[in-house]
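Heavy atoms only: backbone and side chains are in, while hydrogens, waters and symmetry mates are out. We name chains A, B, ... by the order of the sequence lines, and we start the count at 1 in each one. Quick caveat: nothing in here was measured; it's all calculated off a predicted structure.
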Number of protein chains: 2
Amino acid sequence: MDKNPIEATEFYDFLTGKAYTALSRRLQKNLREAGIEITSEQWSILYALWEEEGLTQQELAQRTFRDKTAITRLIDNLVRRTLVIRVTDDSDRRTNLIYLTKSGRHLKEKCMHQANKTLAEALHNVDAAHTQTAKETLRQVYINLK
Amino acid sequence: MDKNPIEATEFYDFLTGKAYTALSRRLQKNLREAGIEITSEQWSILYALWEEEGLTQQELAQRTFRDKTAITRLIDNLVRRTLVIRVTDDSDRRTNLIYLTKSGRHLKEKCMHQANKTLAEALHNVDAAHTQTAKETLRQVYINLK
DNA sequence: TTTATATAGTTGTATATGCAACCATCAAAA
DNA sequence: TTTTGATGGTTGCATATACAACTATATAAA
């Protein structure tokens with residue numbers, strides 16, 4: 001567990017989450033400036049639903065790596081903003097299937113534009129090869145820890 | 001702002017913070033299993049103080065990239081756990097200087113061991129060169145967005 | 001059929017966070 | 001010296017989160 005102390009020693013910033021905090025805050029700022037009043041966390045739920053509608057809350061929890069209780073309340077808030085609806089699954093009345101409303105679906109283009117803008121701002125002065133490596137590394141970290 | 005859509009397109013997971021969430025959760029789990037009942041956020045404050053005591057709350061806010069109100073309440077919780085104390089600066093009575101208590105100082109070794117363990121688990125199967133690149137990339141992201 | 005077990009989701013509680021508004025203190029200008 | 005503006009910190013509020021305990025439903029075992 002102390003195999004690579006040299007590399008790890010300078011990597012505590014990763015543990016403090018500074019880069020992710022900065023990224024998340026910038027996304028929210030960009031969304032707000034585009035007139036979209038959702039949080040970055042709500043964005044991540046919508047992003048999953050833009051990829052595939054009708055997911056259960058469990059599936060959303062897995063895809064966004066959150067506790068299912070966090071999903072309950074995120075969906076609560078998205079329902080209140082009339083961006084998604086809960087539909088009880090007839091074949092298993094325990095589960096809710098989450099669908100986008102027309103407004104929720106309509107938001108996709110504008111939101112993804114802001115998401116792309118945010119990533120471009122974040123990765124300014126980072127060459128493509130390094131971006132690719134960082135992407136793979138974060139992916140491996142997730143696989144290691146999930 | 002849409003200069004590198006290809007690289008960005010597969011990088012939305014970075015925006016959702018999955019890797020950081022996984023990392024933060026694992027750190028807290030490792031600390032708990034070592035009998036240390038602090039959150040990963042509290043760890044990041046203590047980490048800054050282990051590097052340098054007597055920081056102001058503003059300085060802590062900058063170093064951990066958090067809103068100063070978040071620092072107020074993190075310090076509240078750390079004071080309640082008797083890990084740090086607030087000392088009013090005599091030369092400027094607006095500012096609090098934050099010092100570790102004996103318990104807070106004592107925690108360093110055990111906590112840093114768990115932090116190193118967490119990073120090692122996270123970076124398992126990631127070679128040193130990639131770790132280095134990821135580190136630099138996250139650093140650049142932070143610089144771009146801060 | 002009844003019982004036991006597993007799964008999907010919700011609620012209570014404690015913690016964390018950003019933003020806006022606020023108070024206290026300091027420093028510079030008038 | 002008084003006023004003005006800047007800075008450090010706190011509080012109110014809404015949101016997000018994990019964990020534990022709970023309800024409701026479904027499935028498997030007896």
[atom1] of [X] versus [atom2] of [N]: gap in Å, rounded?
X	N	atom1	atom2	result
A:L27	D:dA16	CG	P	13 Å
B:I75	D:dT11	CD1	P	14 Å
B:D89	C:dA24	CG	C1'	15 Å
B:I98	D:dT10	CD1	C1'	13 Å
A:K29	C:dA20	NZ	C1'	18 Å
A:L60	D:dA16	CG	C1'	16 Å
A:D76	C:dG12	CG	P	12 Å
B:Q28	D:dA16	CD	C1'	14 Å

Going by side-chain contact (heavy atoms from CB on, under 4.5 Å), name the residues that satisfy it together with [X], two or more places apart in sequence or in a different chain.
X	answer
B:R94	B:D92
B:T16	A:W43, A:S44, B:D13, B:K18
A:T88	A:R93, A:N96
A:R63	A:E52, A:L55

Legend entry - Which nucleotides of DNA chain C pair, in dot-bracket form (Watson-Crick or G-U under 3.5 Å, | meaning another strand): ||||||||||||||||||||||||||||||
When you compare the protein's N or O atoms with those of nucleotides 14-16 of chain C, which come within less than 3.5 Å of each other, and at what distance?
residue : atom : partner : partner atom : Å
C:dA16  : OP1  : B:T39   : OG1          : 2.6
C:dA16  : OP1  : B:Q42   : NE2          : 2.9
C:dA16  : OP2  : B:N77   : ND2          : 2.3

[X]: salt bridge (Lys or Arg N to Asp or Glu O under 4.0 Å) partners, not counting sequence neighbours:
X	value
A:K110	none
A:E51	none
A:R105	A:E53
A:D76	A:R86

Legend entry - Residues clustering with B:L97 (ILVMFWY side chains joined when closer than 4.5 Å, directly or via others):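 Besides B:L97, the cluster holds B:I85, B:V87, B:Y99.
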Legend entry - Salt bridge B:R26-B:E121, side-chain N to carboxylate O under 4.0 Å: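 The answer is yes: the pair qualifies as a salt bridge.
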Legend entry - Of A:I71 and A:R93, the one whose closest DNA chain D nucleotide lies more 5':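 Its nucleotide being nearer the 5' end, the pick is A:I71.
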Legend entry - N/O donor-acceptor pair under 3.5 Å between A:T101 side chain and A:T82 backbone: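 Yes: the side chain of A:T101 pairs with the backbone of A:T82.
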Legend entry - Sequence-aligned protein contact record of nucleotides 2-9 of chain C, with B where the base is within under 4.0 Å of a protein heavy atom and S where only the sugar-phosphate is: ----BBSB
